[in-house]
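Can you keep this structure in mind? I'll have questions shortly.
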Amino acid sequence: MVSENPFAEFRLECENVLGEAIKKVFPEFYIPRLTLERPPSLEFGQLASSMCFELVKQVGETPLVLAERLIKALDKSKFSLIERVAAAGEGYINFHVDFAKFSALTLESARQLDAEYGFVKTQEPLKIIVEHTSVNPLHPIHIGQARNPMLGDAIARILKSRGYTVFRHYYIDDVGRQTAVIAYGYEKLGKPKTEGKPDHFIGKIYTITSCLVEINRLKRELELAKAVSATEEITKINRELDDWVSVAFELKEKFPELFEELLEKIRENEDPENMVNKLNRAYEAGEEKAKQFIREVSELCLQGFRETLSRAEVFYDSWDWESDFVWSNRVTEILQRLKTTPYVLTLGGILEFDAEKVVKKLNLKEKLGLREDYEVTPLTLVRADGTTLYTTRDIAYTLWKFERAEKVVNVIGMEQVLAQLQLKIALHALGYSKYADNLIHFAYNLVTLPGYKMSSRRGRYITLDEVMDEAVKRAYEEVAKRSPQLSGKEKQKIANFVGIGAVRYALTEVDPSKPVVFTWDRVLNFEKNSAPYIQYSHARACSILRKAARKPEKPAYDLLKEKLEREILLALASFPDIFVEAAELLKPNLIADFANALADKFNTFYNALPVIKAEPQELSDARLALVDAVRIVLRNTLNLIGIVAPERM
RNA sequence: GGGCGGGUAGCCUAGCACGGAUAGGGCGCAAGCCUCCUAAGCUUGCGGUCGUGGGUUCAAAUCCCACCCCGCCCGCCA
């Protein structure tokens, strides 16, 4: 017999027999729901009900007496996976599974379904777009931003395994002042030849140019302020200026040549700030020269991103340019349509969207989870100079996405909750309430460095590349220590999946809503609660199976009586439940946690009990089947979070 | 000021949606275990006012209220 969810079979059976018993014993009482819970320890069975504690209020007896009456009324002829039911503690009803049958069901299901085991399919196989990463093409991906692709990719993998058709989209935010800053610096340098990794090269140009432009702008402002002797203004500007000057010193030290060159070239210019703005407007207007420069620098940066991300096993189905939406008039169309709604008004030359009015009129407060007295901030759609803003363009982009999928998951930092809320409200205003309902903002918390926030504008960040490099380097040292006999090539291969796995795991494992302070030992952990630990456990399982060199032909599952074996069995049987929960709640960290817990149990088992040499052979066979199932489940979990499951390490 | 998220041992973290039996792990620290299937492992020990105070309940880390601390957002930035 094979089941896609062995534990659910047991649960269903328990619910059914208990439900019938209740109807029989207390036909007159209303039982709101029958939720069974997992008892804290094996000795209390595998599922339990605490309903008797509640029932006491309606029936005048102690919970324990009620539990016993109910147990007596259970229809034992319907027991299949249930071995026995016992009253315990103050009045719990504990269901004990028949391990002989349950082990057979679980192990056979896992081994037969193999690569599909655990991946219970959804009833509604929708098309889903998962937009993630979408790092602006300005500088290398830094470790703060790296939480996004790790989470996004894991979510995409989980949803795909759940049976959805998933498209992974990268939104390239090339419209805006920052890309113009780089293009400006790049042009000043006379389209220089790329040195090193392209995104790192572009990042340098961006940081220096942006710093110089900023200093230049502040100096001009200072002159103006001095002319009218605005003392307060002067101190404020001076403070900002000091700050940027210190950044300039840092940059000059880090990149002396490039800094000097840009400094010289930009000084020649009359008004860099103005040049940048002009370039930005030209790009939004689709002028050829601007297009050439900005697309070129963006492409260079993206080339570097692809390199970085593919190293981490993160891939995309579509790369969507924000500028395309501007040039194709989609944004203009949306604006036209928004203008016909009663929610848009012109205010001193700008176009503003009254989100609060929409919420009130369509009665969305409760639906959007807002407090009754909370007022949604209005959103500016169009600047006085006629250019659009990010969220405005995002409305067009979102509608485009909904032409391709029924559901959209945006993996975006939680600092953008307001913008995402306004976006959702705009969809309601345009009459796309269904889209709004199917738009999910997967918000995750920030990654900071100890003591300060990463700042890409100031060039203060640790790149994902250097984190992966360091992790692989450390992993190599470990491999060399542990397996000196391997060839250099083999060591490198292992070091790669170990190091990169460790980084991925570290960024996936923590609950996304928690803030993370980046420390090297968080990502360089190769011991317990890390990808290498799980990978090692997987390799160990493979090793046993390899050494056994036989198939478990006559497994006697009823011989798996050890507590350790039963705990593993339960974990294996519960994997489908965990998977469904992770998919429905979009919680990749549940998968990481589960994998770690299973590896933990497996290692304890490994040390305590022999497999190949176990006697009699039927027991050995049963344990081999158990090890094989552990191998399958560990591999399936690692695949879900994008980590290599190695056969040796 | 308003909104959102977080607060669990020296440090990191699970559990919170849907209240249940002794609050699980990891790091670090101390002591052990490789003539035996991979020691990136295992065993044992030390370490807890679950931010604070109330409330609801047979039962609260979990639900409700108030407060405190940290972070983020409240732009004609993205």
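The shown structure was predicted, so the numbers you read here are calculated from the model rather than taken from an experiment. Numbered from 1 within each chain, the chains take letters A, B, ... in sequence-line order.
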By the 4.0 Å heavy-atom rule, please label Val517(A) as base, sugar-phosphate, or nothing. nothing

Its dot-bracket string being built from Watson-Crick and G-U pairs below 3.5 Å, with | for another strand and [ ] for crossing, RNA chain B has the pattern (((((((..((((......[...)))).(((((.......))))).....(((((..]....))))))))))))....

Just how far is it from atom CG of Leu218(A) to atom CG of Asp243(A), taken to the nearest 0.5 Å?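 With rounding to 0.5 Å, CG (Leu218(A)) is 9.5 Å from CG (Asp243(A)).
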
Step by step, would you call Asp621(A) with Arg550(A) a salt bridge (charged side-chain N to carboxylate O under 4.0 Å, His left out)? CA-CA 9 Å; Asp621(A) 277 357; Arg550(A) 62 185 165 86; 2.3 Å; yes

As an exercise, state the distance from CD of Glu581(A) to NZ of Lys587(A), rounded to the nearest 0.5 Å.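 Going from CD on Glu581(A) over to NZ on Lys587(A), the span is 7.5 Å.
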
Please work out which of the three classes, parallel, tilted or perpendicular, describes the rings of Phe518(A) and Trp520(A), given edges at 30° and 60°. perpendicular

Any donor-acceptor pair under 3.5 Å linking the side-chain atoms of Asp600(A) with those of Tyr533(A)? yes

Side chains of Asn148(A) and Tyr444(A): is there a donor and an acceptor less than 3.5 Å apart? yes

Which label fits Tyr171(A) and Phe325(A): parallel for a plane angle under 30°, tilted from 30 to 60°, or perpendicular past 60°?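 Rings of Tyr171(A) and Phe325(A): perpendicular, as their planes differ by over 60°.
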
Phe44(A) ring over A21(B) six-membered base ring, under 5.5 Å and 30°: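 One would call Phe44(A) stacked on the A21(B) base.
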
Using whole Å, what does the distance between atom C1' of nucleotide G28(B) and atom CG of Asn529(A) come to? 15 Å

At 4.0 Å (heavy atoms only), tell me whether Thr604(A) reaches a base, stays on the sugar-phosphate, or touches nothing.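 The residue Thr604(A) makes sugar-phosphate contact but no base contact.
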
Any chance you could measure Leu381(A), atom CG, to Phe353(A), atom CZ, to the nearest 0.5 Å? 7.0 Å

Starting at CD of Glu284(A) and ending at C1' of C76(B), how long is that distance when rounded to a whole Å? 12 Å

At under 4.0 Å between heavy atoms, how does the protein contact nucleotides 31-38 of chain B? Give one character per nucleotide, 5' to 3', with B, S or -. ------BB

